[in-house]
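The structure presented is a predicted model; accordingly, all values stated were derived computationally and were not measured. Below, read A as the first sequence line, B as the second, and so on, with proteins coming before strands; counting in each chain starts at 1.
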There are 2 protein chains.
Amino acid sequence: MSLQYDEIVRGGLARQVADLIRTAILEGRLAVDERLPTEDELARRFGISRPTVREALKVLAAQNLIRSRRGPAGGTFVNRPDKDAAARTITDTATLLVGMGRFDIDEIVAARMETEALCCRLAAANRSEADLAAMADEIALLGEETLSDEDFCASDVRFHRAVVQATGNGPVQLMMHAMIESFIPITNMLIYRDHERRRTVAAHQHIRAAIAARDAETAAQLMRDHVEDMRTVLDQALARRNIDKRQGGTS
Amino acid sequence: MSLQYDEIVRGGLARQVADLIRTAILEGRLAVDERLPTEDELARRFGISRPTVREALKVLAAQNLIRSRRGPAGGTFVNRPDKDAAARTITDTATLLVGMGRFDIDEIVAARMETEALCCRLAAANRSEADLAAMADEIALLGEETLSDEDFCASDVRFHRAVVQATGNGPVQLMMHAMIESFIPITNMLIYRDHERRRTVAAHQHIRAAIAARDAETAAQLMRDHVEDMRTVLDQALARRNIDKRQGGTS
DNA sequence: ATTTTAATATTCGTCAGACCTTTTATGTTT
DNA sequence: AAACATAAAAGGTCTGACGAATATTAAAAT
């Protein structure tokens with residue numbers, strides 16, 4: 001364990017202590033799963049009170065850097081960087097920006113169109129049989145007539161995630177999951193009519209077939225067309241909503 | 001202001017309160033820049049103590065959801081979602097994963113190669129004169145013989161950021177900045193020799209020219225080749241480092 | 001009358017020490 | 001040897017207080 005327990009100079013104490021410990025973790029001076037001193041001990045060594053130590057630790061826990069357990073074998077431990085936890089953090093951050101309207105719909109659609117086309121190319125090169133099976137599952141589910149709108153959207157999301165998964169590329173998966181998830185609130189605005197549903201299922205089938213055939217360019221182009229299609233439906237939905245707003249002002 | 005001050009059921013109190021407030025913010029029940037009750041008031045309404053309230057608020061502050069100021073006009077306020085703050089969060093998260101070796105170098109390079117090629121295509125379509133000027137600046141800087149290794153790397157990063165910027169697409173910028181930044185620690189391992197530096201400058205010039213000419217496919221291919229080149233140099237550097245490790249075991 | 005200065009109230013930031021809850025380890029009993 | 005009871009360790013929470021920063025207000029000086 002290597003930590004400096006003085007050097008405190010200016011700013012909120014809790015913040016400074018959090019920064020010190022975070023830096024120690026990021027620089028590897030605190031190993032993964034290593035146990036920090038007890039809160040009492042930290043307070044003593046930093047020369048601050050325990051509540052302040054706890055505020056600092058809460059910050060680090062919120063960033064998934066540490067975890068705490070009670071009991072004699074408990075204490076505060078350095079977390080192993082976890083892809084899933086990181087994915088959640090990135091997704092939440094992106095979702096917040098999208099939800100608060102910090103991006104235009106157009107640029108979101110454009111971003112998704114291009115990045116998912118890229119995923120198709122990578123997926124065509126790297127897909128496994130399991131990936132193809134996962135896509136097939138969602139295609140079958142999506143084809144069921146009795147599916148509710150919510151279940152239809154959820155399955156649609158899972159298909160796109162399956163394509164991302166098939167890229168076999170960790171960093172790409174990390175970023176794309178965030179992009180797809182943060183887009184959900186907008187896609188959920190859509191109300192799919194029957195013939196639109198059939199179009200979606202057909203598009204998914206063609207995309208899967210191209211990926212299965214390792215035809216990267218066809219898969220990418222099909223995905224672009226598919227997202228473009230979604231944009232058209234989305235535009236209509238938005239237009240309808242605006243008309244409704246003007247006519248029946250029931251806000 | 002709409003907040004439920006009871007419904008506490010199970011789990012850490014601080015955690016629960018943080019979740020309640022976070023949900024209220026995310027659902028828009030607490031408007032941007034709205035002021036929450038004072039910490040004393042929150043403690044009273046939630047039926048908990050002020051230190052616990054503070055732990056909850058620290059968590060939310062760590063997630064950039066709120067800010068606090070002292071004084072009579074002070075208090076706790078809801079933050080406006082900020083692209084820069086979000087970019088920092090995402091970058092830090094990705095950097096942690098990369099730094100702790102949760103991704104293979106190969107998949108990082110592959111991800112960067114494909115995503116930056118994509119950026120070139122978008123940049124060719126959307127670049128402004130200012131974007132081209134920013135790229136030209138970094139090219140000029142990178143050509144200077146006297147540049148230190150650190151400054152060379154920094155300028156290289158800024159060129160790639162300029163390309164990303166030229167896409168004019170917010171979500172893409174968000175994700176790509178994270179990818180480029182998190183890759184820095186690895187690129188910094190490189191020691192560029194003179195002829196490698198010249199190759200880099202030449203590659204940047206060609207990429208910029210293709211983007212200026214709105215030649216998307218050429219720009220994309222040049223970027224792929226450029227990143228591929230970096231990978232080659234990187235592999236050599238890694239090989240050298242491994243040899244050094246075996247010979248001079250000074251750990 | 002206006003500007004400068006001082007007092008004051010408000011709110012976050014920190015502190016001290018105590019008690020509660022959970023969890024593990026130990027030791028006793030059967 | 002297994003089951004149970006007990007104690008100790010550590011985080012989780014509470015109470016009450018004081019310190020520090022800052023906006024408002026009042027007072028004073030120009």
Side-chain angles (χ1 to χ4, degrees), chain A residues 1 3 5-22 24-25 30 33-79, chain B residues 1 3 5-22 24-25 30 33-79:
Chain A
M1 218 301 266
L3 256 179
Y5 297 100
D6 31 44
E7 344 185 331
I8 292 173
V9 186
R10 67 174 186 221
L13 286 178
R15 178 66 169 277
Q16 292 171 35
V17 169
D19 287 345
L20 274 178
I21 299 177
R22 182 185 10 256
I25 293 175
L30 292 173
D33 289 333
E34 181 169 344
R35 174 179 166 170
L36 300 187
T38 67
E39 297 180 351
D40 267 320
E41 191 55 21
L42 285 172
R44 206 176 54 75
R45 296 203 204 172
F46 282 117
I48 62 180
S49 70
R50 200 171 144 226
T52 304
V53 168
R54 283 186 57 78
E55 286 185 13
L57 295 180
K58 274 284 171 187
V59 169
L60 299 175
Q63 296 167 344
N64 278 305
L65 289 170
I66 60 171
R67 62 183 181 280
S68 292
R69 276 202 325 265
R70 289 200 268 208
T76 305
F77 301 86
V78 177
N79 268 342
Chain B
M1 226 288 280
L3 255 178
Y5 297 99
D6 31 41
E7 347 182 327
I8 292 174
V9 187
R10 65 169 187 224
L13 286 179
R15 178 64 169 278
Q16 292 171 35
V17 170
D19 287 345
L20 275 178
I21 299 178
R22 182 183 13 254
I25 293 175
L30 292 172
D33 288 333
E34 180 170 344
R35 176 180 164 169
L36 301 186
T38 68
E39 297 179 351
D40 266 321
E41 191 53 23
L42 285 172
R44 208 177 53 74
R45 296 203 203 171
F46 281 116
I48 62 180
S49 70
R50 193 157 83 93
T52 303
V53 168
R54 282 186 57 78
E55 286 184 11
L57 294 181
K58 274 284 172 188
V59 169
L60 299 176
Q63 296 169 345
N64 277 306
L65 289 170
I66 59 172
R67 63 182 180 278
S68 292
R69 274 202 325 266
R70 286 197 275 206
T76 304
F77 302 87
V78 178
N79 270 342

Enquirer: At a heavy-atom distance below 4.0 Å, what parts of residues 70-77 of chain B sit against DNA chain C?
Expert: B:Arg70, B:Gly71, B:Pro72, B:Gly75, B:Thr76
Enquirer: Give, ordered by number, those residues of residues 51-64 of chain A having at least one heavy-atom distance below 4.0 Å to an atom of DNA chain D; if nothing qualifies, reply none.
Expert: A:Arg54
Enquirer: Within the 4.5 Å heavy-atom criterion, are A:Phe46 and A:Thr52 side-chain neighbours or not?
Expert: no
Enquirer: Listing request: all salt bridge (charged side-chain N to carboxylate O under 4.0 Å, His left out) pairs with a residue in residues 54-69 of chain B, at least two apart in sequence or in separate chains.
Expert: A:Arg54-B:Glu55, A:Glu55-B:Arg54, B:Asp33-B:Arg67, B:Glu39-B:Arg54
Enquirer: Check whether any side-chain heavy atom of B:Leu42 sits under 4.5 Å from a side-chain heavy atom of B:Val17, and report yes or no.
Expert: no
Enquirer: Could you work out, with side chain to side chain donor-acceptor pair (under 3.5 Å) as the rule, every residue matching B:Arg70, not counting sequence neighbours?
Expert: none
Enquirer: Using every non-hydrogen atom in the two residues, find where A:Ala14 and A:Ala56 come nearest and quote the distance to one decimal.
Expert: O-CB, 3.4 Å
Enquirer: Shortest non-hydrogen contact from A:Arg35 to A:Pro72?
Expert: NH1-O, 3.9 Å
Enquirer: Any idea which heavy atoms bring A:Val59 and B:Ala62 closest together, and the distance?
Expert: CG1-CB, 3.7 Å
Enquirer: Taking salt bridge (Lys or Arg N to Asp or Glu O under 4.0 Å) as the test, write out the residues that go with A:Arg44, two or more places apart.
Expert: A:Glu41
Enquirer: First contact, last contact: which nucleotides of DNA chain C are these for chain B, 5' to 3', heavy-atom distance under 4.0 Å?
Expert: C:dA9 to C:dT14
Enquirer: Restricting to non-hydrogen atoms, name the atom on B:Ala18 and the atom on B:Leu60 that form the minimum distance, rounded to 0.1 Å.
Expert: O-CD2, 3.6 Å
Enquirer: Reading DNA chain C from 5' onward, which residue's closest nucleotide shows up sooner: A:Ala14 or A:Arg50?
Expert: A:Ala14
Enquirer: Side chain to side chain donor-acceptor pair (under 3.5 Å) with A:Asp40: which residues, sequence neighbours excluded?
Expert: none
Enquirer: The criterion is side chain to side chain donor-acceptor pair (under 3.5 Å); which residues satisfy it with B:Arg22, sequence neighbours excluded?
Expert: B:Asp19, B:Gln63
Enquirer: When you compare the side chain of A:Asn79 with that of A:Ile25, does any pair of heavy atoms fall below 4.5 Å?
Expert: no
Enquirer: 5' to 3' on DNA chain D, which nucleotides open and close the contacts with chain A (atom under 4.0 Å from a heavy atom)?
Expert: D:dA8 to D:dT13
